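Numbers restart at 1 for each chain; the letters A, B, ... are given by sequence-line order, proteins then strands. Every value quoted in this text rests on a predicted model; they were computed, and no experiment measured them.
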Protein chains: 2
Amino acid sequence: MDQRIELRHLRYFLAVAEELHFGRAAQRLNIAQPALSQQIRQLEKIVGVELFRRTSRSVRLTDAGATFRPRARDLLGRLAADLDEAGRVGRGEAGRLDVAFITSATTIVSERLRAFSRRRPDVQIKLHDGFTVDVLAALERGTADVGIVRDAEERDGIDLSPLRTERFVAVVPAEHPAARGQRVEAATLAADPLILFPRTAGPQAFDVNTQPLRDAGIDVQVAQECSNWHTIVMFVASGLGVTIAPYSVTTLLPAGARRLELDGPPAVSRILMATRRGDNRPLVQAFTAASEPVTDRGHHWDNSQGRPS
Amino acid sequence: MDQRIELRHLRYFLAVAEELHFGRAAQRLNIAQPALSQQIRQLEKIVGVELFRRTSRSVRLTDAGATFRPRARDLLGRLAADLDEAGRVGRGEAGRLDVAFITSATTIVSERLRAFSRRRPDVQIKLHDGFTVDVLAALERGTADVGIVRDAEERDGIDLSPLRTERFVAVVPAEHPAARGQRVEAATLAADPLILFPRTAGPQAFDVNTQPLRDAGIDVQVAQECSNWHTIVMFVASGLGVTIAPYSVTTLLPAGARRLELDGPPAVSRILMATRRGDNRPLVQAFTAASEPVTDRGHHWDNSQGRPS
DNA sequence: TGTATCGATAAGTTTGAACTATGGATCAGC
DNA sequence: GCTGATCCATAGTTCAAACTTATCGATACA
């Protein structure tokens with residue numbers, strides 16, 4: 001009947017093509033010579049043409065055989081490589097990881113990525129930046145494998161684990177009366193227009209971010225909404241108002257903006273690693289495993305990294 | 001033990017990857033479901049990682065499986081194509097044919113090639129031109145598969161079959177006394193210096209070529225040896241002497257040379273197809289089979305193709 | 001809670017790849 | 001020109017493993 005070709009046929013064919021001797025080829029394959037003859041004959045039947053021209057004294061490749069030899073060789077090589085790759089992907093040593101993150105955590109992400117891709121050079125990383133809501137949405141719809149968000153609330157189907165915390169600081173225009181000092185009490189800022197992201201962009205993050213103001217008894221009213229921290233800080237530098245920001249977004253301030261430590265009850269922003277619940281793929285686990293929570297890294301930067309001159 | 005991978009594994013894997021359902025995949029493969037489960041498990045053991053994540057309700061590809069799927073698909077496609085190509089090569093429908101030929105038979109070769117490659121578009125033809133001795137040598141050492149030679153003698157290991165015959169004509173300078181007529185008797189040329197290829201380039205061909213002169217009782221002495229017809233004819237045009245040539249090399253004569261029909265006993269040059277004895281490869285047979293002997297095609301060209309103006 | 005669906009497991013069956021023994025053809029050497 | 005050696009093909013047998021049927025356990029749905 002119509003027999004299906006198997007890799008065995010290719011392996012046997014290559015052995016005979018190399019040895020040009022059924023006996024020796026069979027020996028190399030650890031089978032008996034008749035079995036080899038049978039399989040080669042079977043292969044020839046499948047292909048429909050002779051691959052070897054044999055006399056009782058010699059074995060030669062036909063044109064068809066000579067054409068097929070390098071292809072068969074290549075095929076087996078490819079397969080071995082593909083199996084190996086699949087294995088490495090399965091073990092998390094290779095593959096692709098889609099990382100979504102909030103723009104204000106770029107520093108953290110780049111640190112982590114540098115370390116991660118040194119340990120897993122064959123993992124291709126695709127980055128997607130956005131707001132916390134976007135990051136979580138990407139995670140839920142499967143566009144991203146891991147997410148890095150700020151002050152997100154628990155939600156179904158998403159696991160959150162703390163990455164690090166940062167204290168909040170105030171950012172004011174250089175002409176602001178408080179800008180002459182190093183510190184400020186939140187209550188002092190009551191009269192200033194507040195520039196911040198819209199609450200809809202991240203209700204939880206918004207509430208945490210404005211906690212210092214509420215602690216000071218201020219009724220929080222956003223005078224100017226901006227969607228990302230870079231713009232917010234630029235507006236502050238332009239004298240349009242003040243803001244309260246996680247420390248790390250103030251490491252590089254434009255001329256005209258000043259960072260001030262906040263007096264009062266300590267308030268922290270929490271940066272979180274987000275994954276789909278039950279997603280235990282090795283690559284995801286490897287990425288999250290590398291993440292140990294660090295408390296308030298902001299403190300370390302106080303003297304080593306000031307605002308730009 | 002360490003089981004070897006077979007194409008069956010790939011075929012089964014692809015079926016499950018496509019259906020994402022062991023029952024339906026098994027049905028499509030015309031096997032029972034447990035057999036499929038077993039083989040997939042075996043494949044996973046070979047690769048070393050899970051390819052599917054199954055619950056009792058659903059089947060999903062793992063990252064490793066998703067990586068492997070297109071590769072497996074590609075591999076099977078390639079193999080099918082390679083088998084097909086080998087088959088076509090075996091049947092002489094594809095492959096490569098090395099054709100060696102004498103320069104003075106270019107016209108014949110190009111005619112034949114045009115017809116041949118129209119019928120076998122997938123056959124790649126490699127051309128090698130040279131003298132009869134070179135063509136035969138290429139054939140013997142395996143550099144060429146078929147050869148086209150002129151007036152060669154039988155030799156061991158080479159089969160010769162007649163392709164066509166051509167009459168000989170005389171070529172003389174335009175200032176030659178005989179150039180005023182259309183015909184000449186060989187004896188008339190006795191006093192003119194003879195320009196011809198060296199006898200060593202092809203003893204048999206040389207003897208046939210000079211037969212008209214010997215028939216006329218002339219003692220053949222080559223005054224000027226040239227290795228190819230083009231040069232010989234150019235020398236004739238320069239007035240250095242005369243020559244006797246097969247008709248087809250005179251279809252395009254330089255200004256200053258004139259073709260004259262030879263009176264006397266008809267002498268013909270035979271163009272032969274040469275192959276290695278016992279070389280019954282389909283491509284060689286297809287090429288030679290297309291060759292039916294044609295007698296003295298030269299006649300047809302008499303009026304349709306004159307010398308260039 | 002019962003029922004249907006689906007993959008895994010267990011045990012028996014069959015297919016076919018490989019084995020041993022032998023035949024037939026070719027080549028070398030006496 | 002016969003003899004022995006070499007080598008691939010053939011014949012018949014064996015055994016591993018792919019496949020079968022029967023069944024289980026888990027999950028989803030009504």
Side-chain angles (χ1 to χ4, degrees), chain A residues 1-47 49-62 64-65 72 76 156-157 277-278 280, chain B residues 1-47 49-62 64-65 69 72 76 157 277-278 280:
Chain A
M1 275 306 312
D2 86 320
Q3 185 70 30
R4 290 230 138 156
I5 189 168
E6 287 296 343
L7 290 177
R8 169 174 26 88
H9 293 121
L10 301 193
R11 289 191 268 258
Y12 289 5
F13 167 77
L14 286 176
V16 177
E18 199 160 321
E19 298 283 350
L20 291 177
H21 189 292
F22 279 73
R24 279 196 296 276
Q27 201 165 2
R28 213 175 74 178
L29 294 165
N30 292 313
I31 60 172
Q33 169 262 314
L36 182 55
S37 290
Q38 276 173 15
Q39 292 299 311
I40 294 293
R41 172 183 305 275
Q42 203 175 91
L43 173 59
E44 288 176 324
K45 193 172 173 189
I46 293 168
V47 184
V49 299
E50 265 193 326
L51 296 172
F52 296 103
R53 170 61 49 107
R54 348 104 147 107
T55 70
S56 62
R57 291 313 280 179
S58 73
V59 176
R60 292 200 326 273
L61 277 164
T62 61
L76 287 184
D156 224 46
R277 185 154 298 156
N280 52 4
Chain B
M1 273 306 310
D2 83 319
Q3 185 71 27
R4 290 230 141 153
I5 188 169
E6 286 297 344
L7 290 178
R8 171 173 25 89
H9 294 121
L10 301 192
R11 290 190 268 258
Y12 290 6
F13 167 77
L14 286 175
V16 177
E18 200 160 319
E19 299 282 351
L20 291 178
H21 189 294
F22 278 73
R24 278 196 297 276
Q27 201 165 3
R28 213 174 74 178
L29 294 166
N30 292 313
I31 61 172
Q33 169 262 316
L36 183 54
S37 289
Q38 279 171 15
Q39 292 298 314
I40 294 293
R41 173 183 303 276
Q42 204 176 89
L43 174 60
E44 289 177 324
K45 193 172 174 189
I46 292 168
V47 184
V49 299
E50 262 191 330
L51 295 172
F52 296 102
R53 170 63 48 108
R54 346 123 149 87
T55 71
S56 62
R57 288 317 277 181
S58 74
V59 176
R60 294 202 322 275
L61 277 164
T62 61
R69 165 132 94 128
L76 287 184
R277 184 154 299 156
N280 52 3

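- As judged by a 4.0 angstrom heavy-atom cut-off over every strand, B:Q33 is placed among the base-contacting residues.
- Checking the phosphate oxygens (OP1, OP2) of C:dA8, a side-chain nitrogen or oxygen of B:S37 falls inside 4.0 Å.
- A:F52 comes within contact range of no nucleotide atom at all, as no heavy-atom separation falls under 4.0 Å.
- Using a cut-off of 4.0 Å between Lys/Arg side-chain N and Asp/Glu carboxylate O, A:R11 and B:E6 are scored as salt-bridged.
- Listed pair B:Q3 / D:dA18 meets the phosphate criterion, a side-chain N or O lying under 4.0 Å from OP1 or OP2.
- Within the nucleic acid shown, B:Q42 comes within 4.0 Å of sugar-phosphate atoms alone, with no base atom in reach, counting heavy atoms only.
- Among D:dA5, D:dC8, D:dT20, the nucleotide with an atom closest to any side-chain atom of A:H21 is D:dC8.
- Residue B:R54 places no side-chain N or O under 4.0 Å from the OP1 or OP2 atom of D:dA26.
- When the nucleotides C:dA18, C:dC6, D:dC19 are ranked by their closest atom to the side chain of A:Q39, C:dA18 comes out on top.
- Each of B:Q38 and B:S56 lies near DNA chain C, and the nucleotide nearest B:S56 is the one positioned closer to the 5' end.
- Distances shown here put every side-chain N or O of B:R57 at or beyond 4.0 Å from the OP1 or OP2 atom of C:dT5.
- Summarising the geometry, the separation between CZ on A:F22 and P on C:dA18 is reported as 14 Å, rounded to the nearest angstrom.
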